[in-house]
Amino acid sequence: MKKFYNRNFAYGAAALLIGAVSFTACSSEDELSNTNPTYDGESVKTQFAINIPAAAKTRMTGGNTQEGGGFLGMYDIKLLPMTAVGNDNVGFTSILSLDPIVNNGLENSHKIYNDVSIPVGTTNFLFYGAGGENVASAATEKFDEGIINANVSGSNTSNISFSLEEAKVEDTAGESAKLVKVLNAVESVSGWADKKEDGSTLGKLYKSFITLKAGSANSICKTLETLYNQVDGLATGGESTEKTIALGIQTAIKTDGVFTVSDGPAPYVLSTTLTYPQNMNMPDGSASVAFADGEFTASTTGVSNGNMTINMADICYPASIYYMANTPLKATDADNITWPTSLEDWTGESAFDGWGDKVLPTTHTIALANAIQYAVAKLALTVKCSTTPLPDKKGAYVNVPDNGFTVTGVLIGGQPQSVKWDFTPSGDAQTLTKTVYDKSIVSGMAAKSNSVSLTNYTLVLDNKQADAQKVNIAIELKNTSTSEFEGADGIIPVGGTFYLIAQLDPAKGSNSESVQNPYVFMQDYTTTANLKISSLANAYNCIPDLRASQLSLGLAVDLTWKTGLSFDIDIQ
């Protein structure tokens with residue numbers, strides 16, 4: 001996620017303290033004399049504090065993921081009083097909405113609230129809060145900051161759910177249709193298809209042209225640019241039939257002015273104002289074309305590579321920072337509290353000495369016994385090339401540019417369609433069909449030869465399953481070299497976008513904190529993937545299906561990112 005402002009991630013752990021609380025009845029005048037004067041027969045208005053200790057500073061791409069410290073604020077804060085430990089199908093008595101906290105709204109790492117009513121008999125709380133100061137609205141903000149759609153409602157945990165937001169918008173300008181019209185105009189140039197079996201240059205170019213799969217405006221532009229220059233010699237000096245066909249191809253490429261050709265001399269450069277499918281918030285590799293029955297058609301459900309396809313409708317914005325806690329409470333009659341100012345003080349063994357475990361009619365102050373956690377997981381990703389040059393599918397070698405292949409996106413497959421009240425998936429592995437698309441990449445990230453890139457951070461949802469799943473991810477790169485090359489599904493032109501796939505296998509990851517039964521993405525944990533490129537043979541024009549190995553992502557979130565699984569992967 002990009003536009004990170006250099007702001008920093010806060011600790012994922014917060015503690016909530018609540019002052020005088022509500023109750024239902026008193027059995028004596030002495031008890032009544034000790035009650036809070038705001039008692040209305042059912043509740044008492046209270047004072048409480050949320051403690052969010054700041055971590056050491058680091059940098060969704062640091063800032064928007066609160067990597068290493070800082071605090072971006074919190075909004076849509078919900079507190080759910082309960083009389084039992086939070087679990088599936090457990091009821092809660094009410095949903096309390098708390099005022100948001102701005103990113104500089106903490107004093108000594110805590111926030112004091114007043115006049116909040118809590119029912120007597122409460123023993124536990126669920127706590128939810130979205131990171132930031134307000135919900136992201138524009139697509140740019142959603143890519144930069146992430147977004148989670150929250151449904152905290154009803155009176156039972158079964159009513160609560162959270163989900164990623166699909167990123168796709170409609171192609172209202174009809175850019176896909178305009179591109180396909182040009183492709184079909186070029187293919188149907190009189191006499192060109194007749195050359196496909198005669199072994200001529202035009203015949204070879206035709207056979208190559210109709211294998212085109214990449215359907216983005218940029219990829220089609222680069223393909224047509226190459227074709228325009230390849231036929232230019234015939235257009236100016238070939239025999240009459242070849243010259244007529246070549247001139248026809250060059251004319252067709254300029255159909256409706258979709259593509260503009262630079263003035264000579266050769267080589268000519270094509271340009272276009274179309275951005276499809278980026279105009280739909282989609283990565284270039286999600287758009288594909290196929291040639292069948294004498295014409296090109298476009299698809300938003302991907303191109304088939306065996307059983308590997310991707311559907312634009314399954315591509316989502318990254319997750320945003322989100323907090324939760326499922327915690328018992330500590331209660332005291334005291335109302336003159338000196339609030340702790342560090343995470344250690346809040347969670348120390350003696351923090352609540354003498355406090356009770358239940359809200360009574362005499363209670364004035366409440367503390368959440370457990371720390372608030374991050375409810376999302378984080379991927380920290382780096383990439384490098386093992387050497388230069390790198391071989392392509394046909395064994396030709398491509399020199400890695402000095403500045404590397406620019407990384408323009410990261411895609412993470414196997415995300416859940418929705419998660420439950422505890423931010424774990426609400427279905428089995430068959431429902432892990434969503435793909436997170438992070439195009440807000442840290443500035444300057446590139447795959448260089450023998451040089452590790454900057455680290456990019458992406459937030460995702462927990463994908464916990466009974467059996468830890470393998471997770472496929474894709475990195476999106478630009479061919480910034482001076483050579484086109486052959487990839488897994490065709491030619492990657494100079495300036496074109498390509499994708500390399502890595503698999504995160506929990507059985508092969510290193511576990512620095514000795515977590516029991518780790519899976520790839522765990523709430524409140526960072527999963528590190530260090531990628532190494534040793535070949536371009538498996539580069540894709542179009543994004544393969546990232547569900548192929550039934551992905552599983554999971555993070556536990558308190559207020560400091562813990563070290564999750566770490567992977568060092570050689571991309572062959």
Side-chain angles (χ1 to χ4, degrees), residues 171 173-277 279 284 287-299 303 479 482-487 489-497 541-542:
D171 180 19
E175 290 194 9
S176 176
K178 294 175 183 178
L179 293 166
V180 168
K181 183 178 180 180
V182 175
L183 292 177
N184 283 320
V186 173
E187 184 278 330
S188 61
V189 167
S190 180
W192 192 23
D194 298 335
K195 292 282 188 178
K196 62 183 177 182
E197 300 299 342
D198 67 4
S200 66
T201 298
L202 283 174
K204 293 176 182 178
L205 290 176
Y206 179 86
K207 292 172 73 172
S208 175
F209 181 69
I210 62 175
T211 64
L212 178 66
K213 294 182 177 67
S216 70
N218 180 64
S219 293
I220 291 173
C221 183
K222 295 301 179 182
T223 297
L224 295 179
E225 178 181 279
T226 298
L227 179 61
Y228 193 99
N229 285 295
Q230 286 173 326
V231 303
D232 188 57
L234 297 176
T236 56
E239 54 90 12
S240 58
T241 301
E242 289 182 333
K243 182 174 183 178
T244 299
I245 294 172
L247 286 172
I249 291 170
Q250 289 185 326
T251 299
I253 286 173
K254 293 180 280 189
T255 297
D256 294 338
V258 172
F259 297 99
T260 301
V261 182
S262 66
D263 296 332
Y268 298 94
V269 177
L270 264 65
S271 59
T272 181
T273 59
L274 304 189
T275 61
Y276 176 82
N279 66 318
D284 278 359
S288 62
V289 294
F291 184 77
D293 300 324
E295 68 174 354
F296 282 97
T297 55
S299 173
V303 63
N479 181 9
T482 58
S483 305
E484 67 178 25
F485 60 87
E486 184 89 9
D489 60 349
I491 297 294
I492 312 293
V494 175
T497 298
N541 281 292
C542 299

Is it true that Gln250 and Asp232 share a donor-acceptor pair across their side chains at a distance under 3.5 Å?
yes
Identify every side-chain donor-acceptor pair in residues 214-222 under 3.5 Å, counting partners at least two apart or on other chains, and give the distances.
{"from": "Ser216", "atom 1": "OG", "to": "Ser219", "atom 2": "N", "distance (Å)": "3.0"}
{"from": "Ser216", "atom 1": "OG", "to": "Ser219", "atom 2": "OG", "distance (Å)": "3.0"}
{"from": "Asn218", "atom 1": "ND2", "to": "Gly495", "atom 2": "O", "distance (Å)": "3.2"}

Output for pair (Leu224 CG, Lys254 NZ), nearest 0.5 Å, gives 12.5 Å
Ignoring hydrogens and geometry, is there a side-chain-to-backbone donor-acceptor pair from Ser208 to Leu205 under 3.5 Å?
no
Between Asp489 and Cys542 the two heavy atoms that sit nearest each other are OD2-N, 3.2 Å
In this structure, CG of Asp171 is separated from OG1 of Thr275 (nearest 0.5 Å) by 8.5 Å
Looking at every non-hydrogen atom in both residues, tell me the closest pair between Ala287 and Tyr276 and how far apart they are.
CB-CE2, 3.5 Å
Side-chain contact test, heavy atoms from C-beta onward, threshold under 4.5 Å: evaluate it for Leu234 versus Lys243 and give yes or no.
no
If you compare all heavy atoms of Lys196 against all heavy atoms of Lys207, which two are closest, and at what distance to 0.1 Å?
O-CD, 3.0 Å
Any side-chain heavy-atom pair from Lys213 and Asn541 closer than 4.5 angstrom?
no
4.5 Å side-chain heavy-atom contact, Lys204 and Lys195:
no
Rounded to the nearest 0.5 angstrom, the CD-CD1 distance for Gln230 and Ile249 is 10.0 Å
Listing, residues 177-193 side-chain donor-acceptor contacts under 3.5 Å, not counting sequence neighbours, or none:
{"from": "Lys181", "atom 1": "NZ", "to": "Asp256", "atom 2": "OD2", "distance (Å)": "2.9"}
{"from": "Asn184", "atom 1": "OD1", "to": "Phe296", "atom 2": "N", "distance (Å)": "2.6"}
{"from": "Asn184", "atom 1": "ND2", "to": "Val180", "atom 2": "O", "distance (Å)": "3.3"}
{"from": "Asn184", "atom 1": "ND2", "to": "Phe296", "atom 2": "O", "distance (Å)": "3.2"}
{"from": "Glu187", "atom 1": "OE2", "to": "Tyr206", "atom 2": "OH", "distance (Å)": "2.6"}
{"from": "Ser188", "atom 1": "OG", "to": "Asn184", "atom 2": "O", "distance (Å)": "2.7"}
{"from": "Ser188", "atom 1": "OG", "to": "Ala185", "atom 2": "O", "distance (Å)": "3.3"}
{"from": "Trp192", "atom 1": "NE1", "to": "Leu202", "atom 2": "O", "distance (Å)": "2.9"}

Can you tell me how far the CG atom of Leu212 sits from the OG1 atom of Thr223, to the nearest 0.5 Å?
5.0 Å
Could you measure the distance from the CD1 atom of Ile245 to the OG atom of Ser200? Nearest 0.5 Å is fine.
8.0 Å
Roughly how far apart are Ile491 CD1 and Glu486 CD, rounded to 0.5 Å?
4.0 Å
Atom of Leu270, atom of Phe259 and distance for their closest heavy-atom approach
CD2-CB, 4.1 Å
